Amino acid sequence: MSRTRAGRRPSLKTYARIARRVTALTPRSTGRSTARSTARRASRRRTALLAVAALTGGLLLGAQHPAAAGPNLIKNPGFETAGTGADGMPYCWERSGWGDNDFSFDVVADAHSGTKALKVELTRRVDGDRKALITESAACAPTVGEGLQYDLSLWYRSTTPDAAITLFRHDTTAGWQYWTDLKTLDLSAGYQQASVRTPAVPPGTDRISWGVSVYGTGSVTTDDYAMEEVAAPPVAPECTGTAEQCAHGTWEVLPTLNPVRSMHSVVLNNGKVLLIAGSGNDTDMFAAGTFTSAVYDPQDGSYRTIPTPDDMFCSGHVQLSDGRVLVMSGNKGYPSADGTIGYQGFKDSYVFDPDTETYSRTNDMNDGHWYPSATIMGNGDVMSFGGLREDSSGSVTAERWSAAQDKWLPMTQVNQTWSYWGLYPSMILMQDGRLFYSGSHVFGNGTPGTGASVYDYDANTVTDVPGLQNKDERDQSASVLLPPAQDQRVLTIGGGNIDSNPEANRLTDLIDLKEPNPAYTHGPLLPQGTVDLGAGPQPQTGDQGKMYGSAVLLPDGKVLETGGALHNRANPVYETSLYDPVLNTFTPVAVDPEARGYHSSAFLLPDGRVMTTGDNPGNGSWNHHVSLYTPPYLLKGARPTITSLAGDQWLYGDTRRITVDRPIAKAELIRPAAVTHSSDPNQRFVDLPLTVDADDERTIDLNVTDNPNLAPPGWYMLFAVDAAGVPSVAEWIHLGGPPALADRAMASAHVHDFAGELEKPAKKPAKKRTSAPVSPSVAGCDRHYGTAGVCVPTAFPDTVRGTTPAATTKARCAWLATHGYGALKVNGQDDPLRLDPDGDGVACGKGDTGRG
């Protein structure tokens with residue numbers, strides 16, 4: 001059910017938390033033990049503002065009780081047994097933490113029960129944290145079972161709002177590693193109980209360790225820990241379709257055509273979908289000044305065309321924290337007929353309001369950016385890089401949208417490295433506020449170096465990250481932050497290169513940004529489907545993969561990858577699969593019957609289905625058919641229902657209550673899509689650890705991360721998912737409050753010390769420059785033939801060649817005819833591809849190929 005923003009107020013508890021949590025602290029970072037360098041820490045210091053929020057009425061959450069499902073699995077849960085070490089820690093408990101802080105661990109008599117409790121205190125803090133954890137040993141760490149969940153609880157009192165229950169797991173291959181933060185602890189003068197349920201134990205995990213992290217000045221005293229195995233409810237999914245449908249899902253091609261040539265798709269916070277075309281890669285539309293957008297309503301299948309003020313063809317876009325859509329740059333001009341001038345990007349910028357369904361102009365960007373990136377930051381600001389300037393050269397200007405000022409900042413107020421990041425570089429926000437460039441981009445080769453890197457805005461440095469396979473063949477690959485965002489793992493899928501136009505690859509790469517020195521590792525190869533090489537679909541062979549693919553986060557925690565093509569704007573690939581981040585496997589499922597190559601989009605709807613649109617082959621045609629995918633989880637019987645929600649305005653570190661009609665296994669927030677050209681760097685799935693009422697498993701408190709970098713402020717889809725992976729229909733919630741609150745939350749977030757020991761040397765800003773040189777044929781199209789909306793490839797596939805110049809001409813013309821190009825006018829006197837040997841001004845005419 002959609003909710004409007006009007007009339008919603010945070011609860012009394014929410015406002016009280018604001019007042020407690022706004023303290024003069026630096027960003028938090030919690031790893032196992034290793035601190036970053038002094039220079040690194042100094043570059044990331046911030047000063048928080050002290051503020052007190054007004055109190056207002058609302059729903060207060062009652063006390064929760066841990067589910068009692070078995071014996072307590074914790075040894076020495078009340079610290080009554082002394083340890084034998086010199087550090088004075090109780091038996092089966094150990095110290096941990098990192099960073100520049102003054103701390104103490106003390107066994108005290110201020111117990112909840114018995115005679116002892118454990119107190120952790122920070123008296124000075126620059127960064128890092130201190131943790132009291134169950135000893136990571138076979139003797140002390142509780143044994144766990146794969147796929148099971150456990151209820152954890154403890155009694156505590158706290159003088160700091162900066163504390164959390166933190167969980168580690170032992171992998172039988174990789175050893176001990178951070179797992180997740182489960183719950184932020186409130187201030188409490190007297191003892192109160194905190195309880196929370198773990199996620200399902202991942203494969204390969206045999207033990208866990210957990211305890212309390214303290215990451216702000218003050219103390220937390222804990223006692224009476226408990227850990228109990230959850231008795232899983234019986235799962236008996238009932239197939240509501242055929243066996244094939246229940247295993248692989250189903251596709252439906254909608255009867256109503258998309259009225260616009262949409263290449264940008266944004267799921268709005270009312271459940272509708274904004275589809276932006278601009279001129280739609282149509283030069284006639286551009287010349288006429290006819291620019292289009294439409295709003296699609298999944299509830300009734302209707303489209304409403306929207307007056308569109310500018311050519312937003314190949315713009316950037318991102319949802320702002322208040323639900324409006326920021327649309328930046330677009331197409332100022334198409335390439336010239338002689339190919340001497342390429343695409344041009346303007347400086348114009350607009351916001352789209354979902355309530356009024358209208359665009360309004362903002363201030364201009366500092367530079368033109370055709371094909372820019374757009375990443376929302378933890379405080380609601382937006383960073384944008386790359387693209388083409390007004391003169392077709394590459395933009396080296398970094399842009400920053402200020403959430404507080406609601407405008408683009410002057411270039412003098414934005415850190416600049418003078419780097420050219422290319423077109424649509426995939427820039428993913430990391431949990432500490434840095435940006436990870438995954439190596440996915442559009443057109444040609446990747447950036448110089450390893451192809452992937454970490455950009456630190458505060459330090460204004462770029463550090464290469466190794467391991468990306470075939471980094472110059474990841475053109476229009478898809479990259480996605482895997483579920484849940486707390487895991488900080490990125491998957492990169494497929495890709496090609498329009499300059500050399502090889503067959504697109506099957507490569508996938510994984511990187512774990514929790515590692516001190518993260519590097520890509522090889523993932524499983526993409527499954528193969530069929531490819532249309534011009535004579536109808538045939539099975540893919542050898543290393544044939546795809547570019548132009550889409551990756552969509554699903555509420556059951558899997559990733560749907562679909563669509564794609566084998567070559568530059570040609571040869572659609574029909575293959576769809578589900579990637580399981582836990583098992584690291586792809587499973588082929590039902591295939592979209594429509595071609596989905598260049599300018600296609602795929603995205604999640606609030607009802608759990610996936611919508612796909614578009615396809616723009618090189619011959620200039622457009623596929624207006626829209627497909628809907630029903631995943632297998634929607635064919636497993638009745639769906640859980642969220643029957644009540646304690647308000648739709650949430651803040652970081654909150655605990656928010658829902659009720660459901662039957663027990664669930666997990667809940668999460670999924671940020672709605674804003675996707676184009678295989679790219680949506682803001683897509684993320686944020687886990688909400690559960691606290692389940694022991695007396696009624698349908699009453700559940702959801703524990704919200706306190707870190708805005710994990711869940712940037714804005715509107716999210718809230719899904720509740722049962723043990724069979726069946727999700728509810730989403731409810732809309734707004735996370736973060738006004739921009740000022742998100743900014744303050746950054747100052748007291750639990751940030752972990754991940755990716756803190758990058759081995760490659762950091763690159764400082766280059767010499768200031770105006771732009772980077774970019775070829776006018778950057779889009780992989782030779783403009784000597786046809787109109788700007790038609791793409792004759794600068795490099796034909798390797799199979800399209802002959803033994804003589806005449807045979808090469810004939811082979812290329814045959815390929816163009818097979819792919820529906822029709823007659824092509826030669827622009828000017830040059831014929832670089834030798835498509836008009838007879839010089840009559842028409843490429844591939846009868847006299848050129850010896851036909852007739």
Side-chain angles (χ1 to χ4, degrees), residues 146-147 199-200 202-204 235 237-252 477-484 487 489-495 504-510 521-531 537 539-541 543-546 548-564 573-594 596 602-604 608-612 627-637 665-666 668 670 678 683 685 719 721-727:
E146 180 180 321
V235 179
E238 181 178 339
C239 179
T240 58
T242 67
E244 173 69 17
Q245 291 171 338
C246 291
H248 299 138
T250 64
W251 286 90
E252 172 191 8
S477 58
S479 291
V480 64
L481 183 66
L482 290 172
D487 276 3
R489 296 194 304 144
V490 174
L491 172 71
T492 298
I493 301 172
N505 62 69
R506 301 176 62 192
L507 302 176
T508 73
D509 292 282
L510 287 159
T521 59
H522 298 182
L525 292 176
L526 277 175
Q528 291 178 305
T530 62
V531 57
Q540 288 186 289
T541 60
D543 295 327
Q544 290 178 337
K546 60 184 179 179
Y548 309 124
S550 293
V552 182
L553 301 180
L554 300 180
D556 66 349
K558 295 179 179 160
V559 180
L560 179 78
E561 65 83 18
T562 187
V573 171
Y574 299 90
E575 182 275 327
T576 302
S577 64
L578 291 173
Y579 175 74
D580 188 328
V582 176
L583 301 178
N584 191 27
T585 57
F586 287 95
T587 301
V589 293
V591 176
D592 188 346
E594 296 292 327
R596 302 292 180 201
F603 45 91
L604 179 69
R609 295 180 298 170
V610 174
M611 181 171 169
T612 62
S627 303
L628 283 178
Y629 177 60
T630 299
Y633 55 59
L634 295 183
L635 298 167
K636 293 182 179 179
K666 63 181 177 182
E668 73 270 347
I670 297 183
S678 304
Q683 187 180 194
F685 173 122
F719 289 95
V721 185
D722 72 12
V726 180

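Keep in mind that this is a model prediction, so the values were computed, not measured. Scope of the values below: all heavy atoms of this structure, side chains included, with no hydrogens, waters or symmetry mates.
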Indicate the atoms forming the closest heavy-atom contact of S479 with V490, along with that distance.
CB-CG1, 4.4 Å
On a heavy-atom basis, the closest approach of L510 and G523 is CD1-CA, 4.3 Å
If every non-hydrogen atom of Q528 is compared with every non-hydrogen atom of T541, which pair is closest and at what distance?
NE2-O, 3.4 Å
Quick check: closest heavy atoms across P727 and Y633, and the distance to 0.1 Å?
CD-CD1, 3.4 Å
Please examine the side chains of I493 and S477, heavy atoms only from C-beta on, and report whether any two atoms are closer than 4.5 Å.
no
For a side chain to side chain contact (heavy atoms under 4.5 Å, CB included) check, start with the C-alpha distance between S627 and R596, then their side-chain angles and the critical distance, and finish with the verdict.
CA-CA 10 Å; S627 303; R596 302 292 180 201; 2.9 Å; yes
Heavy-atom nearest pair, P537 first then Y574, reads CG-CE1, 4.3 Å
When rounded to the nearest 0.5 angstrom, what distance separates OG1 in T562 from CD in E594?
11.5 Å
Taking it one step at a time, do V726 and V721 satisfy side chain to side chain contact (heavy atoms under 4.5 Å, CB included)?
CA-CA 5 Å; V726 180; V721 185; 5.9 Å; no
Rounded to the nearest 0.5 Å, what's the gap from CD on Q544 to CG on L526? Could you check?
13.0 Å
Heavy-atom check, side chain of V573 versus side chain of Q540, under 4.5 Å:
yes
Sidechain-backbone polar pair: Q683 side chain, L553 backbone, donor-acceptor under 3.5 Å:
yes
Taking only residues two or more places apart in sequence, or in another chain, which ones meet R489 in a side chain to side chain donor-acceptor pair (under 3.5 Å)?
none
Is the closest side-chain heavy-atom distance between T612 and S550 below 4.5 Å?
no
Are any side-chain N or O atoms of W251 and backbone N or O atoms of A590, one a donor and one an acceptor, separated by less than 3.5 Å?
yes
Is there a donor-acceptor pair closer than 3.5 Å between any side-chain N or O of E252 and the backbone N or O of Y629?
no
Salt bridge (Lys or Arg N to Asp or Glu O under 4.0 Å) involving E668 - partner list, sequence neighbours excluded
none
Do R609 and T630 meet the criterion of a side-chain donor-acceptor pair at a distance under 3.5 Å?
no
From I670 CD1 over to L554 CG, what is the distance, rounded to the nearest 0.5 angstrom?
7.5 Å
Please report the closest heavy-atom contact between A602 and V610, naming both atoms and the distance.
CB-CG1, 4.4 Å
Non-hydrogen side-chain atoms of L635 and P632 separated by less than 4.5 Å
no
Value for CD (E561) from OG (S678), rounded to nearest 0.5 Å, stands at 11.0 Å
Would you confirm whether K546, through its side chain, and E575, through its main-chain N or O, come within 3.5 Å as a donor-acceptor pair?
yes
Result block: side-chain N/O donor-acceptor pairs under 3.5 angstrom for residues 578-589, not counting sequence neighbours:
from, atom 1, to, atom 2, distance (Å)
Y579, OH, N584, OD1, 2.7
D580, OD1, V582, N, 2.9
D580, OD1, L583, N, 3.3

For side chain to side chain donor-acceptor pair (under 3.5 Å), just list the numbers for T576 and D592, CA-CA rounded to whole Å, side-chain angles, deciding distance to a tenth of an Å, and then say yes or no.
CA-CA 7 Å; T576 302; D592 188 346; over 6 Å; no
Value rounded to 0.5 Å, distance of OG in S577 from NZ in K558
11.5 Å
In this structure, CG of N505 is separated from CG of L525 (nearest 0.5 Å) by 9.5 Å
